[in-house]
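The block underneath contains the structure these notes are about, expressed in structure tokens.
Just follow the structure's listing: the first ligand is 1, and inside any ligand the first atom is 1. In this chain, numbering begins with 1 at the start of the sequence shown. Side chains are part of it too, since the values below use all heavy atoms of this structure and drop only hydrogens, waters and symmetry mates.
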Amino acid sequence: MVVAILPAAGKGERLGESLPKQFLDLKGIPLLVRTLLAFEKAPQIDGIIIATHPLYLEHTENLIKSFNLRKVLKIVEGGTTRQRSVYQAVKIAPLETEVFLVHDAVRPFVPESLIKRVIEATRSYGASVPAIPVRDTLNLVKDHLVKANVPRENLFHIQTPQGIKANLLKTCLDEAIARGLEFTDESSLLTYFGHPVYVVEGSWLNFKITFKEDLILAEKLIDCKIETLF
Ligand SMILES: Nc1ccn([C@@H]2O[C@H](COP(=O)(O)OP(=O)(O)OP(=O)(O)O)[C@@H](O)[C@H]2O)c(=O)n1
Ligand SMILES: C[C@](O)(CO)[C@H](O)COP(=O)(O)O
């Protein structure tokens, strides 16, 4: 059984709206729903668990009902960090879950081909993440002055969904929470505990909506029928 976990409990502070960004309208469909639809359509996904913002539990339930999202198994309250939100979902996942796919609720343009290759690599290697290479020169900057160049040959932007064998993710999260360790994503968590994470090709389309300009870009991409680019 492959279960997608969507951490959707953030505040969206960097985007600057009063409504958390995952609930914002994106050309007539809430951002969270657009992301959910990608997983509803993916045949490799058997179920979805949403870790939502505690103040928007009923709102999330209503969205799932009104968009008839049948793969959603459970909606739980998220935590104070992304990692804790993921943990809340892992704890109540079905026992028959073989693979978790953890995907940011604010990455709506995830291609099905990318979901497929993360699952395949996870089955082979235990864990897998999508990544795209850094395209710009990277420099260390302090007080508006360039201090040093950072070689970018082996640097990548890590995306989601991040695939992990179910028992492995639960064990690592249990240990991290017990030790008070916090990681920004699952690949960092697993690497810390010495587990290999296999990198597969990501997609520039699969960007995370973080700032206002990301939302504007997303609306323009929908206008030009982004799904035809997948
Ligand atoms: N306590 C948290 C924090 C974040 N997330 C989720 O993790 C994903 C990636 O996080 P990010 O883009 O940082 O979202 P926010 O934390 O909402 O953004 P900000 O840092 O601007 O407040 C999002 O789907 C967000 O809802 C979560 O489930 N629980
Ligand atoms: C999980 C993630 O999207 C991988 O790149 C990233 O770590 C999320 O970071 P954020 O600060 O929670 O947006």
All N/O donor-acceptor pairs, side-chain side in residues 33-42, below 3.5 Å, sequence neighbours left out:
from, atom 1, to, atom 2, distance (Å)
R34, NE, L26, O, 2.8
R34, NH2, L26, O, 3.0
R34, NH2, K27, O, 3.3
T35, OG1, L31, O, 3.3
T35, OG1, A105, O, 2.7
E40, OE1, R70, N, 3.3
E40, OE2, R70, N, 3.3
E40, OE2, K71, N, 2.8

**OP:** Please name all residues satisfying side chain to side chain donor-acceptor pair (under 3.5 Å) with R84, sequence neighbours left out, ordered by chain then number.
**Re:** none

**OP:** Might you list the protein residues in contact with ligand 1, defined as having a heavy atom under 4.0 Å from one of its atoms, sorted by chain and number?
**Re:** P7, A8, A9, G10, K11, G12, E13, R14, K21, Q22, G79, T80, T81, R82, S85, D104, A105, V106, K208

**OP:** Would you mind telling me if ligand 2 is within reach of the side chain of H157, the backbone, both or neither, using heavy atoms under 4.0 Å?
**Re:** neither

Original post:
Does K208 reach ligand 2 with a nitrogen or oxygen that is under 3.5 Å from one of the ligand's nitrogen or oxygen atoms?
Top reply: yes

Original post:
To the nearest 0.5 Å, how far apart are CD1 in I5 and CD1 in I50?
Top reply: 11.5 Å

**OP:** Examine distances only and state if a side-chain atom of R82 and a backbone atom of P7 form a donor-acceptor pair shorter than 3.5 Å.
**Re:** no

Original post:
Counting only heavy atoms, which portion of R14 has something under 4.0 Å from ligand 2: side chain, backbone, both, or neither?
Top reply: side chain

Original post:
Is the count of non-hydrogen atoms from other residues, nucleotides or ligands lying under 6.0 Å from E58 atom CD greater than 12?
Top reply: no

Original post:
Which of the atoms of ligand 2 are close to T184, meaning less than 4.0 Å from one of its heavy atoms?
Top reply: 1 (C), 7 (O)

Original post:
Can you list the atoms of ligand 2 that are under 4.0 Å from a heavy atom of I158?
Top reply: 4 (C), 5 (O)

**OP:** Verify the neighbour count for atom NZ of K208: are there more than 12 heavy atoms of other residues, nucleotides or ligands below 6.0 Å?
**Re:** yes

Original post:
Rounded to the nearest 0.5 Å, how far does CG of L6 lie from CD1 of I75?
Top reply: 11.0 Å

Original post:
At a 4.0 Å cut-off, with the gap strictly under it, does some heavy atom of H103 reach an atom of ligand 2?
Top reply: no

Subject >> Electrostatic pair K21:E17 at N-O distance under 4.0 angstrom >> reply: no

Subject >> Proximity flag T210 to ligand 2, non-hydrogen atoms under 4.0 Å >> reply: no

Distance-only donor-acceptor hits, side chain of residues 125-142, under 3.5 Å, sequence neighbours excluded:
from, atom 1, to, atom 2, distance (Å)
S128, OG, Y198, O, 2.9
N139, OD1, N149, ND2, 2.8

Original post:
Looking only at distance, does Q162 have an N or O less than 3.5 Å from an N or O of ligand 2?
Top reply: no

Subject >> Distance-only donor-acceptor check, side chains T171 and D174, under 3.5 Å >> reply: no

**OP:** Could you walk me through whether T191 and F183 pass side chain to side chain contact (heavy atoms under 4.5 Å, CB included), step by step?
**Re:** CA-CA 10 Å; T191 303; F183 300 92; over 6 Å; no

Original post:
Which of the numbered atoms in ligand 2 are below 4.0 angstrom from a heavy atom of R82?
Top reply: 1 (C)

**OP:** Report, in ascending order of atom number, the atoms of ligand 2 lying under 4.0 Å from any heavy atom of D104.
**Re:** 1 (C), 2 (C), 3 (O)

